[in-house]
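Structure first, then comments.
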Amino acid sequence: MIDSVLTWALQRRLTAINHFRNHPHEVQHKLLQELLHTARDTEWGQRYGFADGFEGRELAQRVPVSSYEDLYPAIERVLRGEPDVLWPGRVTWFAKSSGTTNARSKYIPVTRESLEAGHYRAGRDMVALATTLYPAEKILGGKTLSLGARMAPILFAPTTPIPASATYRPSLCRTYLVGPSFCARPRWNWRCWMSGKRKLSA
């Protein structure tokens, strides 16, 4: 009974999935405008005029393609707790890459919006499609294996003087670094209805 209810609930996402399949340009345009509007008051948004609400082609002209090294000064400020640099608010989650390029790890800011609208929604969509395409497998009838990421809090201390007018306190900024499989949801954040369906990896 519970499995049937879960399958029905997940498959309600199929309407949205079919919509962005059939109308990719409209969906991408709407998403771009939402992102520009949300980030318009950040330092990055003010630098490139996000408030103008431009189209995709103009985005490519206004915002330069940047390497990680180009972005790192801004990312370091985000790591130290400064808000409203690349995205509104203060980012407290960072994915740590395995250092496959330039032989050093990279810190990738992960916002709550990114988790909810990207990672978590993608997981739900994947299950919705799987239960539709392979109903005989009864995917929700058994256990699922979760490959979790290593996670650890770290404390960043400022290396440069902090202006007296600063509204943030980098020395007290606690951020969380997680491994490259951060697309896996931290186990304490899983919805209660998934708790009984999961078997954690070692």
Side-chain angles (χ1 to χ4, degrees), residues 12-129 149 156 158 160 162-163 165-168 170 173 175-178 180-185:
R12 292 181 63 189
R13 278 290 298 164
L14 293 176
T15 300
I17 292 173
N18 288 331
H19 176 70
F20 59 68
R21 274 177 166 174
N22 297 326
H23 307 280
H25 297 292
E26 292 86 345
V27 171
Q28 289 184 40
H29 170 77
K30 181 181 178 181
L31 179 58
L32 173 60
Q33 298 310 309
E34 290 174 353
L35 292 173
L36 292 174
H37 179 77
T38 301
R40 69 189 186 283
D41 294 326
T42 63
E43 180 180 308
W44 200 256
Q46 291 178 7
R47 180 185 303 173
Y48 295 110
F50 285 5
D52 296 343
F54 41 79
E55 301 293 331
R57 291 184 181 276
E58 190 173 352
L59 172 69
Q61 296 172 353
R62 288 198 187 200
V63 182
V65 175
S66 303
S67 66
Y68 181 81
E69 286 68 26
D70 295 330
L71 287 170
Y72 185 73
I75 292 176
E76 183 177 27
R77 291 165 56 197
V78 176
L79 276 165
R80 296 184 182 284
E82 186 171 348
D84 306 323
V85 179
L86 299 170
W87 191 251
R90 186 168 72 84
V91 180
T92 56
W93 291 91
F94 294 85
K96 185 179 180 182
S97 76
S98 56
T100 52
T101 59
N102 294 340
R104 75 181 179 119
S105 296
K106 297 176 174 60
Y107 299 100
I108 313 300
V110 181
T111 65
R112 290 184 180 275
E113 293 86 352
S114 172
L115 287 173
E116 289 293 342
H119 297 294
Y120 302 165
R121 185 180 296 171
R124 292 192 295 270
D125 289 353
M126 180 182 65
V127 176
L129 288 170
F156 280 88
T160 56
I162 304 302
S165 60
T167 58
Y168 61 97
C173 173
T175 60
Y176 293 88
L177 299 182
V178 290
S181 58
F182 189 51
C183 55
R185 187 170 193 162

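Bear in mind that the values here come from a model prediction, so they are computed numbers and not experimental data. Along the sequence shown, residues are numbered consecutively beginning with 1.
Here the CD atom belonging to Q46 is positioned 10.5 Å from the CZ atom belonging to R40, to the nearest 0.5 angstrom. Between the CD atom of E76 and the CZ atom of R80 there is a distance of 4.5 Å, given to the nearest 0.5 Å.
With sequence neighbours left out, A74 forms a side chain to side chain contact (heavy atoms under 4.5 Å, CB included) with V85, L86. A search for side chain to side chain contact (heavy atoms under 4.5 Å, CB included) contacts involving T111 returns W87, V91, E113, S114, not counting sequence neighbours. For T15, the side-chain hydrogen bond (donor to acceptor under 3.5 Å, both in side chains) criterion is met by no residue, not counting sequence neighbours. For F20, the ring pair (Phe, Tyr, Trp, His ring centres under 6.0 Å) test picks out no residue, with sequence neighbours left out. Taking D125 as the reference, R13 meet the side-chain hydrogen bond (donor to acceptor under 3.5 Å, both in side chains) condition, with sequence neighbours excluded. Taking the side-chain hydrogen bond (donor to acceptor under 3.5 Å, both in side chains) definition, one finds that N22 meets it with nothing, sequence neighbours left out. Checked against side chain to side chain contact (heavy atoms under 4.5 Å, CB included), P64 has the following partners two or more places apart in sequence or in another chain: Y48, S66. With sequence neighbours excluded, the residues that form a side chain to side chain contact (heavy atoms under 4.5 Å, CB included) with L36 are L32, Q33, F50, F54.
For the ring pair (Phe, Tyr, Trp, His ring centres under 6.0 Å) condition, the pairs that include at least one residue of residues 23-43, sequence neighbours left out, are H19-H23. Annotation: salt bridge (Lys or Arg N to Asp or Glu O under 4.0 Å) contacts involving residues 42-53, sequence neighbours excluded, comprise E43-R47, E43-R77, D52-R62. Applying the salt bridge (Lys or Arg N to Asp or Glu O under 4.0 Å) test to pairs two or more places apart or on separate chains, none has a residue in residues 24-35.
Without hydrogens or angle criteria, D84 side chain to G89 main chain gives a donor-acceptor distance under 3.5 Å.
Residues V78 and Y107 fail the side-chain proximity criterion, which asks for heavy atoms closer than 4.5 Å.
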